[in-house]
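First the structure, in the form of structure tokens, and then the observations on it.
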Amino acid sequence: QVSPETVKRFCSGLWMSFLTEGIVGAMENHDPIRQLENMRHKKEILDYTARAILEQCSRVSQQGRTFKSKLIETCLRVIDQEYCNPHFNLTVMAGELNVTPNYLSVRFKEETGVGFVKYLLEKQMNRAKVLLSDPTIKIYEVSSLVGFEDEKYFSRQFKRMVGSSPKEYRNRHTVYQ
């Protein structure tokens, strides 16, 4: 037999997790945890929690927002700042966020639809394409500027992702001739 207090603690913890992860926002003039404190019966607590969560989900859905947890929003911001750092990777990112690399990898894929490594590579290759359109920047410099210490590895990754070598890409997309 589970006590009403145990159910209350569970539901309060659930709300705290939702708020912390950004799944639900703070509700104006309504504090679900305080509401739970005043309830005495398990059915009342569970019914309230289910109804309130459904209302929040409906509100978010009607606003047309794409859900991304605070964890993944933070991760995307850090990637934008660090993708050119040759030492930046999933393990470093997970360490900064105090989660395991496996957990971050799974959450990242669930919420963005693409894996962390692929997302990072796409970011680097998109920047490389911009840099390659300037013929005054050498290919080895482009490689370094987008976070690769090895130009040959950069060239292999570029060809795999873009479909042509950096030199071929530059020849077709140079801004200044």
Side-chain angles (χ1 to χ4, degrees), residues 12-28 30-33 49 52-134 137-166 169-170 172-173 175:
S12 293
L14 187 63
W15 275 110
M16 289 306 295
S17 295
F18 285 170
L19 288 165
T20 303
E21 286 289 323
I23 294 171
V24 298
M27 293 179 268
E28 296 175 18
H30 184 71
D31 181 355
I33 295 170
T49 301
I53 289 171
L54 285 172
E55 287 171 7
Q56 281 288 307
C57 291
S58 176
R59 186 178 58 79
V60 168
S61 169
Q62 289 170 355
Q63 292 173 347
R65 291 193 323 202
T66 303
F67 168 73
K68 291 218 184 357
S69 68
K70 287 185 180 180
L71 175 76
I72 300 306
E73 285 179 355
T74 301
C75 185
L76 291 169
R77 270 196 312 277
V78 173
I79 290 171
D80 283 345
Q81 297 164 356
E82 296 292 327
Y83 72 94
C84 294
N85 176 347
H87 304 289
F88 181 73
N89 59 38
L90 176 64
T91 303
V92 170
M93 181 79 256
E96 287 185 28
L97 296 172
N98 295 314
V99 296
T100 66
N102 187 52
Y103 177 77
L104 180 59
S105 179
V106 169
R107 288 288 302 274
F108 193 91
K109 175 92 179 201
E110 285 175 353
E111 294 187 33
T112 66
V114 64
F116 180 91
V117 173
K118 185 173 183 184
Y119 182 88
L120 178 59
L121 267 173
E122 286 174 352
K123 196 106 175 127
Q124 291 169 312
M125 295 307 142
N126 286 336
R127 180 68 181 143
K129 288 188 228 176
V130 171
L131 295 170
L132 286 167
S133 67
D134 181 348
I137 304 173
K138 307 281 187 228
I139 291 175
Y140 73 87
E141 293 172 321
V142 170
S143 169
S144 178
L145 288 168
V146 297
F148 286 80
E149 294 178 311
D150 181 346
E151 180 189 349
K152 289 182 194 280
Y153 181 66
F154 163 73
S155 294
R156 279 195 308 274
Q157 291 297 328
F158 189 90
K159 184 163 186 156
R160 188 175 66 79
M161 297 284 292
V162 178
S164 61
S165 71
Y169 184 88
R170 167 170 277 162
R172 285 196 314 270
H173 296 91
V175 173

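Residues take their numbers from the sequence shown, with the count starting at 1.
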Applying side-chain contact (heavy atoms from CB on, under 4.5 Å) to Leu121 and Phe116, what does each step give before you reach the verdict? CA-CA 9 Å; Leu121 267 173; Phe116 180 91; over 6 Å; no

Side chain proximity check, Arg172 to Ser164, heavy atoms < 4.5 angstrom: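 Yes; the side chains approach each other to less than 4.5 Å.
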
If I take atom [atom1] from residue [X] and atom [atom2] from residue [Y], how far apart are they, to the nearest 0.5 angstrom?
{"X": "Arg156", "Y": "Met161", "atom1": "CZ", "atom2": "CE", "answer": "15.0 Å"}
{"X": "Ser143", "Y": "Gln157", "atom1": "OG", "atom2": "CD", "answer": "11.0 Å"}
{"X": "Leu76", "Y": "Gln81", "atom1": "CG", "atom2": "CD", "answer": "11.5 Å"}
{"X": "Ser165", "Y": "Leu132", "atom1": "OG", "atom2": "CG", "answer": "9.5 Å"}

Can you give me the closest heavy-atom contact between [X] and [Y], atom names plus distance?
{"X": "Lys109", "Y": "Gly115", "value": "CD-N, 3.7 Å"}
{"X": "Leu131", "Y": "Arg170", "value": "O-NH2, 3.8 Å"}
{"X": "Ser69", "Y": "Glu111", "value": "N-OE1, 2.7 Å"}
{"X": "Glu149", "Y": "Pro86", "value": "CG-CB, 3.6 Å"}
{"X": "Leu145", "Y": "Cys84", "value": "O-SG, 3.1 Å"}
{"X": "Lys138", "Y": "Glu141", "value": "N-OE1, 2.8 Å"}

Tell me whether [X] contacts the main-chain N or O of [Y] through its side chain, where contact means a donor paired with an acceptor under 3.5 Å.
{"X": "Glu73", "Y": "Lys70", "answer": "no"}
{"X": "Ser105", "Y": "Pro101", "answer": "no"}
{"X": "Arg77", "Y": "Ile72", "answer": "no"}
{"X": "Glu151", "Y": "Ile139", "answer": "no"}

Which of parallel (below 30°), tilted (30 to 60°) and perpendicular (above 60°) describes Tyr169 and Phe158?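 The rings of Tyr169 and Phe158 stand perpendicular, inter-plane angle above 60°.
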
Starting from the C-alpha separation in whole Å, work towards a yes-or-no answer on side-chain contact (heavy atoms from CB on, under 4.5 Å) for Leu120 and Phe108. CA-CA 11 Å; Leu120 178 59; Phe108 193 91; over 6 Å; no

Return yes if a side-chain donor-acceptor contact under 3.5 Å exists between Gln124 and Arg127, otherwise no.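 No, because no side-chain N or O of Gln124 sits under 3.5 Å from a partner of the opposite role on Arg127.
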
Ion pair Lys123/Asp80, N-O distance below 4.0 Å: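 Answer for the salt bridge query: yes.
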
Apply side-chain contact (heavy atoms from CB on, under 4.5 Å) to Phe148 and Val146, showing your working. CA-CA 6 Å; Phe148 286 80; Val146 297; 3.8 Å; yes

